[in-house]
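Just so it is clear, the structure is predicted and the values come from calculations on it, not from any experiment. Just so we're on the same page: letters track the sequence lines, and every chain starts at 1.
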Protein chains: 2
Amino acid sequence: MRLIDVARSAGVSTMTASRVMRGEPTVAVASRDAVHAAAARLGYVPNQVAGSLRSQRSGIIAVIVPTLTGSVFAETVRGITDTFDAYDYQLMIGESSYDIEREEKVIAALVQRRPDAIIIAGVKHTPQARSLLRSAGVPVAEIWDQTTHPIDIIVGFSNFQAAYDMTRGLLDKGYRRLALATGPVIPGNRAGERTEGYLAALKDAGIHPGPSIVVPYYNFLDSSLKGGNVVADFLRDNSSIDCLFCTNELIAIGAVVACGRRGVKVPGDVAIAGFGDVEAASIITPDLTTVKIRGFEMGRRAAEILARRLLGETSEPEIVDVGYELKWRSSA
Amino acid sequence: MRLIDVARSAGVSTMTASRVMRGEPTVAVASRDAVHAAAARLGYVPNQVAGSLRSQRSGIIAVIVPTLTGSVFAETVRGITDTFDAYDYQLMIGESSYDIEREEKVIAALVQRRPDAIIIAGVKHTPQARSLLRSAGVPVAEIWDQTTHPIDIIVGFSNFQAAYDMTRGLLDKGYRRLALATGPVIPGNRAGERTEGYLAALKDAGIHPGPSIVVPYYNFLDSSLKGGNVVADFLRDNSSIDCLFCTNELIAIGAVVACGRRGVKVPGDVAIAGFGDVEAASIITPDLTTVKIRGFEMGRRAAEILARRLLGETSEPEIVDVGYELKWRSSA
DNA sequence: TTGAAAGCGCTAACAA
DNA sequence: TTGTTAGCGCTTTCAA
């Protein structure tokens with residue numbers, strides 16, 4: 001069942017049928033009706049692979065995020081979908097598992113599908129990955145971060161500044177023996193930038209940083225539960241700590257829950273602050289002091305800029321800072 | 001930059017280059033090396049759109065879920081990804097927002113991309129959607145449910161039986177004035193089947209069903225917070241209720257949290273049971289009694305069966321029941 | 001407003 | 001082990 005079958009059945013040429021199927025306005029009403037009727041009668045399903053090859057537009061937006069599990073990036077994806085749905089684009093989502101080597105493979109796999117645009121979380125990529133993104137010949141939006149050397153479009157916030165401000169706020173609340181819990185740090189990644197913001201705030205205040213713990217990345221559930229236990233052990237072994245700053249919301253939530261189960265009072269024995277504001281943060285007891293990130297907003301803004309590019313309305317690189325917000329709740 | 005450029009640069013024919021790029025073993029080592037070197041030198045990125053058109057295999061698995069936000073279906077997607085990653089398939093994910101009309105549009109959009117297989121949550125579709133799925137000419141796996149009339153493969157569990165068992169268990173615990181909170185019910189959808197299981201268990205026990213409340217579907221966060229408040233109001237207006245069964249985990253979590261904020265004791269004043277077991281269920285206070293669903297498992301099993309189909313190893317329809325598990329925790 | 005011709009970049013099928 | 005030929009199904013381009 002091909003377009004030519006529909007065209008014959010409608011008594012027109014393939015080109016007229018093609019124009020009707022794509023909604024071009026330059027077709028006589030009679031032809032249009034005949035083609036629609038024939039398509040419906042025959043149950044015709046257009047082959048977009050063929051169309052994409054010829055038109056050099058795939059209608060696909062490639063999206064690369066660390067993970068879909070855990071609602072943090074799922075919100076961003078929803079922001080992207082919200083915008084692109086109206087334009088008949090489909091998302092093709094790749095997961096990097098917070099690993100830039102794996103990210104490179106994912107990018108390579110997606111670029112072969114000739115997406116019309118690429119959205120990628122983070123600004124830290126392998127050289128080969130940067131090269132693939134640059135030479136893909138389509139607009140690229142890096143999100144969730146800021147950098148002085150964007151590939152093209154950037155829609156994010158300063159992870160350094162957000163961590164700096166939160167640390168500063170904790171110091172203002174009177175906490176002095178701060179400790180840090182973070183996921184894996186690679187220089188230049190988000191956990192690394194947040195760590196640096198934390199250290200810079202301490203340095204500027206003349207406070208010596210306390211101990212740190214690095215929690216491996218599991219998946220969502222395990223990062224909360226296993227990670228929480230690891231952190232609770234760490235707090236037990238370092239009982240002088242009065243405040244723990246977690247660069248990762250899952251670790252923070254896990255720590256609050258693990259402390260609750262062990263009878264460690266939060267914030268009485270130790271205050272805990274997170275980074276990310278997933279919905280569980282406002283549901284646990286005590287509710288979590290954290291940095292609220294605008295995940296949905298970043299997805300939506302990036303998608304809007306790309307949509308404009310794809311319609312040919314603009315073409316300069318753009319830099320958008322969506323900011324962040326400190327949420328002071330009960331845990332610190 | 002096309003395959004022919006690589007071939008020329010390597011001094012072989014396009015076909016030999018094509019064979020090398022696709023990893024066919026029937027190529028001389030010298031040719032293989034020459035092609036790989038040329039591809040690397042030129043920065044060649046294969047055009048999989050062209051390859052798909054000719055080979056009639058897209059390397060795409062279409063996945064249709066109600067939503068990605070909220071980790072319930074994200075776990076299922078992870079199960080699918082886990083399996084298909086090894087075979088170089090990419091997922092193309094569509095969201096139906098729990099709306100079968102929208103689902104039909106999403107299916108139509110995805111089928112045009114000629115996926116090699118389709119995985120769809122639920123067994124309740126519009127007639128047109130069923131027709132699109134059947135005539136797509138590829139294996140289709142319906143998941144998250146059971147039915148006597150599957151399209152092809154089915155990997156799920158009985159929502160009716162799970163709700164029946166949970167209700168039965170609540171009765172065994174001594175609760176007698178039960179009420180129901182559910183998301184939108186369409187005959188044949190999962191919320192509907194769960195509602196019927198609940199009603200059947202009450203009927204078999206000779207207990208008259210109490211009042212019910214239908215909570216609209218918002219997004220994850222709002223379903224928990226807004227939905228929770230709606231349910232808490234409902235409980236206040238119906239104070240004789242001693243146990244609330246929620247066919248939806250987000251509503252249950254929201255209700256527990258909203259009750260906590262209003263000083264309603266759970267399970268003292270009213271017991272609450274959920275359905276789904278998202279991770280937040282074990283983190284809130286009190287932790288939630290619920291039906292644990294094997295979301296990851298369903299994704300993995302469906303993907304494995306499809307992978308075997310795609311390799312040509314099997315071809316009969318398959319029916320897999322992954323079951324469920326009652327989790328008795330503090331809330332009921 | 002319509003149609004004919006050409007070709008997007010790759011791989012199946014066949015032949016050598 | 002390699003190469004030639006043809007064509008996947010559509011849309012661009014150009015002409016009428």
Side-chain angles (χ1 to χ4, degrees), chain A residues 1-36 38-39 42-60 88 109 111-116 135-138 312, chain B residues 1-36 38-39 42-60 88 109 111-116 135-138 312:
Chain A
M1 174 56 47
R2 294 167 306 154
L3 188 56
I4 194 173
D5 302 311
V6 174
R8 281 192 186 127
S9 173
V12 298
S13 73
T14 347
M15 264 320 296
T16 297
S18 172
R19 291 185 177 110
V20 173
M21 295 312 292
R22 283 174 297 124
E24 274 194 24
T26 64
V27 180
V29 178
S31 306
R32 182 188 317 286
D33 293 347
V35 171
H36 279 143
L42 299 172
Y44 171 66
V45 177
N47 184 333
Q48 197 161 170
V49 176
S52 298
L53 177 60
R54 180 63 245 230
S55 67
Q56 306 285 58
R57 298 186 311 100
S58 63
I60 289 174
D88 275 331
V111 168
Q112 299 194 173
R113 317 262 178 195
R114 295 295 189 268
D116 292 338
S135 59
V138 298
Chain B
M1 174 57 45
R2 294 166 307 155
L3 189 56
I4 193 172
D5 302 310
V6 174
R8 281 190 187 129
S9 173
V12 298
S13 72
T14 346
M15 265 319 295
T16 298
S18 171
R19 290 184 178 112
V20 173
M21 294 312 293
R22 283 175 295 124
E24 276 194 23
T26 64
V27 180
V29 178
S31 306
R32 182 187 317 285
D33 293 346
V35 170
H36 279 143
L42 300 172
Y44 172 66
V45 177
N47 184 331
Q48 198 161 166
V49 176
S52 297
L53 177 61
R54 179 63 244 229
S55 67
Q56 306 284 60
R57 298 185 310 99
S58 63
I60 289 174
D88 276 331
V111 167
Q112 298 193 171
R113 316 260 178 197
R114 295 294 189 268
D116 293 337
S135 59
V138 297

*Asks:* In this structure, how many angstroms lie between the P atom of C:dA15 and the CE atom of B:Met15, rounded?
*Replies:*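 B:Met15 atom CE is separated from C:dA15 atom P by 15 Å.
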*Asks:* Distance check needed: D:dT4 P versus B:Arg8 CZ, whole Å only.
*Replies:*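 Result: 12 Å.
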*Asks:* Would you indicate what B:Thr26 reaches in the nucleic acid, counting non-hydrogen atoms under 4.0 angstrom: base, sugar-phosphate, or nothing?
*Replies:*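 Result for B:Thr26 = base.
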*Asks:* Is there a donor N/O on one and an acceptor N/O on the other, under 3.5 Å, for the side chain of B:Arg54 and the base of D:dG9?
*Replies:*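 In this structure, the two groups form no donor-acceptor pair.
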*Asks:* Please examine the side chains of A:His36 and A:Val20, heavy atoms only from C-beta on, and report whether any two atoms are closer than 4.5 Å.
*Replies:*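 Touching, per the 4.5 Å side-chain cut-off.
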*Asks:* Check whether any side-chain N or O of A:Gln56 sits under 4.0 Å from OP1 or OP2 of D:dT11, and answer yes or no.
*Replies:*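 Checking D:dT11 against A:Gln56, no side-chain N or O comes under 4.0 Å of OP1 or OP2.
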*Asks:* Roughly how many Å is it from CZ in B:Arg57 to C1' in C:dA12, rounded to a whole number?
*Replies:*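 These atoms are roughly 12 Å apart.
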*Asks:* Does a side-chain N or O from A:Tyr44 land closer than 4.0 Å to OP1 or OP2 of D:dC10, or not?
*Replies:*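 The answer is yes; a side-chain N or O of A:Tyr44 sits under 4.0 Å from OP1 or OP2.
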*Asks:* Under the 3.5 angstrom rule, does the side chain of A:Asp5 hit a backbone N or O of A:Arg2 as a donor-acceptor pair?
*Replies:*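 Here the side-chain-to-backbone pair exists.
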*Asks:* Which one, D:dG3, D:dT1, D:dT12, comes nearest to the side chain of B:Arg19?
*Replies:*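 Looking only at side-chain atoms, B:Arg19 lies closest to D:dG3.
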*Asks:* Within the side chain of B:Arg113, is there an N or O that forms a donor-acceptor pair under 3.5 Å with the backbone of A:Ser58?
*Replies:*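 Looks like yes, one N/O pair under 3.5 Å.
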*Asks:* Give a yes or no answer on whether the side chain of B:Ser52 reaches the backbone of B:Gln48 with a donor-acceptor pair at less than 3.5 Å.
*Replies:*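 Pair found, side chain donor or acceptor close to backbone of B:Gln48.
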*Asks:* Just the rounded figure in Å: distance from P of D:dT11 to CG of A:Leu53.
*Replies:*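 Rounding to the nearest Å, CG of A:Leu53 and P of D:dT11 are 11 Å apart.
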*Asks:* Side chain of B:Arg114, base of D:dG9: donor and acceptor closer than 3.5 Å?
*Replies:*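 Donor-acceptor pair under 3.5 Å: no.
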*Asks:* Under 4.0 Å, counting only non-hydrogen atoms across every strand here, what does B:Arg22 touch: a base, just sugar-phosphate, or nothing?
*Replies:*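 The residue B:Arg22 makes sugar-phosphate contact but no base contact.
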*Asks:* How would you label the contact of B:Ser52 with the nucleic acid (heavy atoms, under 4.0 Å): base, sugar-phosphate, or nothing?
*Replies:*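 It contacts nothing in the nucleic acid.
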*Asks:* Quickly work out the B:Arg32 CZ to D:dT2 P distance and round it to whole Å.
*Replies:*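 Rounded to the whole Å, the gap is 9 Å.
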*Asks:* Using heavy-atom distances to pick each residue's nearest nucleotide on DNA chain C, tell me which of B:Ala50 and B:Glu24 is more 5'.
*Replies:*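 Upstream on the strand: B:Ala50.
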*Asks:* CG of A:Leu3 versus C1' of C:dC8: gap in Å, rounded?
*Replies:*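 Distance, rounded to whole Å: 16 Å.
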*Asks:* Just how far, in rounded Å, is P of C:dG9 from CE of B:Met21?
*Replies:*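 It is 16 Å, rounded to the nearest whole Å.
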*Asks:* Would you say a side-chain N or O of B:Ser13 is under 4.0 Å from OP1 or OP2 of D:dG3?
*Replies:*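 Yes, B:Ser13 has a side-chain N/O under 4.0 Å of OP1/OP2 on D:dG3.
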*Asks:* Can you find a side chain N or O atom of A:Ser31 that sits less than 4.0 Å from OP1 or OP2 on C:dT2?
*Replies:*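 Answer yes for this pair, as a side-chain N or O of A:Ser31 is under 4.0 Å from OP1 or OP2.
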*Asks:* Hey, is the side chain of A:Thr16 poking within less than 4.0 Å of OP1 or OP2 on C:dT1, counting only N and O atoms?
*Replies:*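 Checking A:Thr16 against C:dT1: no side-chain N or O falls below 4.0 Å of OP1 or OP2.
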*Asks:* Write down the distance between CG (A:Asn47) and C1' (D:dT11), rounded to a whole number of angstrom.
*Replies:*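 Value for this atom pair: 13 Å.
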